[in-house]
Amino acid sequence: MIVPMSCRETVSCLLDHVERRLGSTRARRLESHLKECPRCREFLASYRATPRIVRRATAVAPDRGVRRRLHAAIRRALRPSGSDTPVGPRRDR
Amino acid sequence: MTMAARDDDRDLVAQAVNGDHGAFATLVRRHEARTFRLIHRLAGNRADAEEILQDTFLRVYRKLHTYDRRARFTTWLYRVAVNTARMHRRAAGVRRAESLESYLPGFTRAGRHRRIDVDYSAAARVEARVSASELSRVLLQALTRLPERYRAAFVLRDLHELPSREAAAILSIDERALRQRVHRARLMLRGYLGAVAGSERA
């Protein structure tokens, strides 16, 4: 006889569930709750989709200006001019 | 990243430590796009991301001699990036936007979903309801509203798709804690997506 999980417990196990890391007893208790609970099935669908949606929406590539200014800043730091103290990786360690 | 590329990173670091500027430039070019994406997601906007990106690579250069070859170069690089982003945030005295914690799911005392009048799956269809540019704007903003320790964990593991072990190593925490933070962040963002989709409200 399997005691189904509550919604709260189900939600707390979702990461382990979607990555199949739950032990067999807990996995069965969770499955048994999902069968009976449309709310948790809906919740699972959006929980699963969340990383992909956020990943797609927030992937911003550096434009050419960003890259150019980055390399210029590095060159300035690597080849200090005049009286500036040279900056470089120390090797005294 | 392949084994060969990883070895290559280590060789480039060794050459850069010996004063080979070209080797360092190659190392930067190899990692700048991914590092920028990471930093942009932590910082939330392009201008801050650019500044943090420069600081990160300059710090990396100055500290190259401390890099431990046993670790992946990217583990070390991303740790510097995360810490630099954190320092910028503190230095800028970024006012706390309202935290996303209010989007965590609520339960009754019996442990059932408190709200039964909403479609919890609507969050999964938010892309059909909101334009891509609007979604990009609100989600970059939303990431900055995650409590800091959740944000870095979620960004590294769920957005950059690093293995839990590596994300945990970057943040110097154990894998269990990492997974717990990722889970909490996902719950908050899921609820937030539901609100953006117009179906759930905090």
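Throughout, a chain's letter reflects where its sequence line sits, starting with A, and its residues are numbered from 1. Here the structure is a predicted model, which is why all the values come from computation and not from measurement. All values below come from the heavy atoms of this structure, side chains included, with hydrogens, waters and symmetry mates left out.
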Practice item. Determine the minimum heavy-atom distance between Pro51(A) and Asp158(B), stating which atoms define it. Key: CG-OD2, 3.6 Å

Review point. Does Ser136(B) reach the main-chain N or O of Ala57(A) with its side chain, forming a donor-acceptor pair under 3.5 Å?
Key: yes

Check your understanding: Taking the side chain as C-beta and beyond, is there a heavy-atom pair between Phe43(A) and Arg190(B) under 4.5 Å?
Key -> yes

Point to revise | Minimum-distance pair of heavy atoms, taken over all atoms of Ser121(B) and Ala45(A) | key: CB-CB, 4.3 Å

**Study point:** Pick from Ala124(B), Gly106(B), Ala123(B), Gly194(B) with the largest number of heavy-atom pairs that fall under 4.5 Å of chain A
**Key:** Ala124(B)

**Study point:** Exercise: identify the closest heavy-atom pair between Arg109(B) and Arg8(A)
**Key:** O-NH2, 4.4 Å

Check your understanding: Among His160(B), Arg112(B), Glu161(B), Arg29(B), who wins on heavy-atom pairs under 4.5 Å with chain A?
Key -> Glu161(B)

Exercise for review: Anything in residues 125-133 of chain B with a heavy-atom distance to chain A below 4.5 Å? Please list those residues in order.
Suggested key: Val126(B), Glu127(B)

Exercise for review: Would you please go through residues 32-42 of chain A and name the residues with a non-hydrogen atom below 4.5 Å from one of chain B, in numerical order?
Suggested key: Arg39(A), Cys40(A), Glu42(A)

Exercise for review: Measure the spacing between CG of Leu53(B) and CZ of Arg67(A) and express it to the nearest 0.5 Å.
Suggested key: 10.0 Å

Point to revise | Leu193(B), part contacting chain A, at a heavy-atom distance under 4.5 Å | key: side chain

Distance-only donor-acceptor pairs under 3.5 Å for side chains of residues 77-84 of chain B, two or more places apart:
unit_1   : atom_1 : unit_2    : atom_2 : d
Tyr78(B) : OH     : Arg34(B)  : NE     : 3.2
Arg79(B) : NE     : Ile170(B) : O      : 3.1
Arg79(B) : NH2    : Ala169(B) : O      : 2.8
Asn83(B) : OD1    : Arg86(B)  : NH1    : 3.3
Asn83(B) : ND2    : Arg79(B)  : O      : 3.3
Thr84(B) : OG1    : Arg59(B)  : NE     : 3.0
Thr84(B) : OG1    : Val80(B)  : O      : 2.7

Revision key, fill the gap. Between Gly65(A) and Glu50(B) the two heavy atoms that sit nearest each other are O-OE2, 4.5 Å

Review point. Using a distance-only test with no angle check, is there a side-chain donor-acceptor pair under 3.5 angstrom linking Arg186(B) and Thr50(A)?
Key: no

Revision key, fill the gap. One option among His113(B), Arg46(B), His40(B) has the most heavy-atom pairs under 4.5 Å with chain A, and it is His113(B)

Practice item. Would you mind telling me which of Ile116(B), Leu38(B), Thr108(B), Leu187(B) has the largest number of heavy-atom pairs within less than 4.5 Å of chain A? Key: Ile116(B)

Check your understanding: Taking only heavy atoms into account, what residues of residues 10-23 of chain A are found under 4.5 Å from chain B?
Key -> Val11(A), Ser12(A), Leu14(A), Leu15(A), Asp16(A), Val18(A), Glu19(A), Arg21(A)

Check your understanding: Between Ala197(B) and chain A, which part of the residue has a heavy atom less than 4.5 Å away: side chain, backbone, both or neither?
Key -> neither

Point to revise | Atom pair CZ/CD of Arg69(A) and Gln54(B) - distance to nearest 0.5 Å | key: 8.0 Å

Study note, to complete from the structure: Most heavy-atom pairs under 4.5 Å with chain B, out of Glu9(A), Arg52(A), Arg48(A), His71(A), belong to His71(A)

**Study point:** Which portion of Leu135(B) sits near chain A, non-hydrogen atoms under 4.5 angstrom
**Key:** both

Review point. Which region of His21(B), side chain (C-beta onward) or backbone (N, CA, C, O), has a non-hydrogen atom less than 4.5 Å from a non-hydrogen atom of chain A, or is it both or neither?
Key: both

Revision key, fill the gap. Heaviest contributor of heavy-atom pairs below 4.5 Å to chain B, chosen from Asp63(A), Ile53(A), Val66(A), is Ile53(A)

**Study point:** Per-residue contact mode, Arg137(B) against chain A (heavy atom under 4.5 angstrom)
**Key:** neither

**Study point:** CG on Leu44(A) to OH on Tyr120(B), rounded to 0.5 Å
**Key:** 14.0 Å

Exercise for review: Heavy-atom distances under 4.5 Å only: say whether Val155(B) touches chain A with side chain, backbone, both or neither.
Suggested key: neither

Review point. Based on non-hydrogen pairs under 4.5 Å, which of Leu58(B), Asp119(B), Val118(B) is most in contact with chain A?
Key: Asp119(B)

Revision key, fill the gap. When the 4.5 angstrom heavy-atom criterion is applied to Gln180(B) and chain A, the contacting part is neither

Revision key, fill the gap. For Leu189(B) and Val54(A) the tightest heavy-atom approach is CD1-CG2, 4.5 Å

Check your understanding: Which one of Phe57(B), Phe154(B), Phe107(B), Phe24(B) has the most heavy-atom pairs closer than 4.5 Å to chain A?
Key -> Phe107(B)

Review point. Can you find a heavy atom in the side chain of Arg41(B) that is under 4.5 Å from one in the side chain of Arg55(A)?
Key: yes

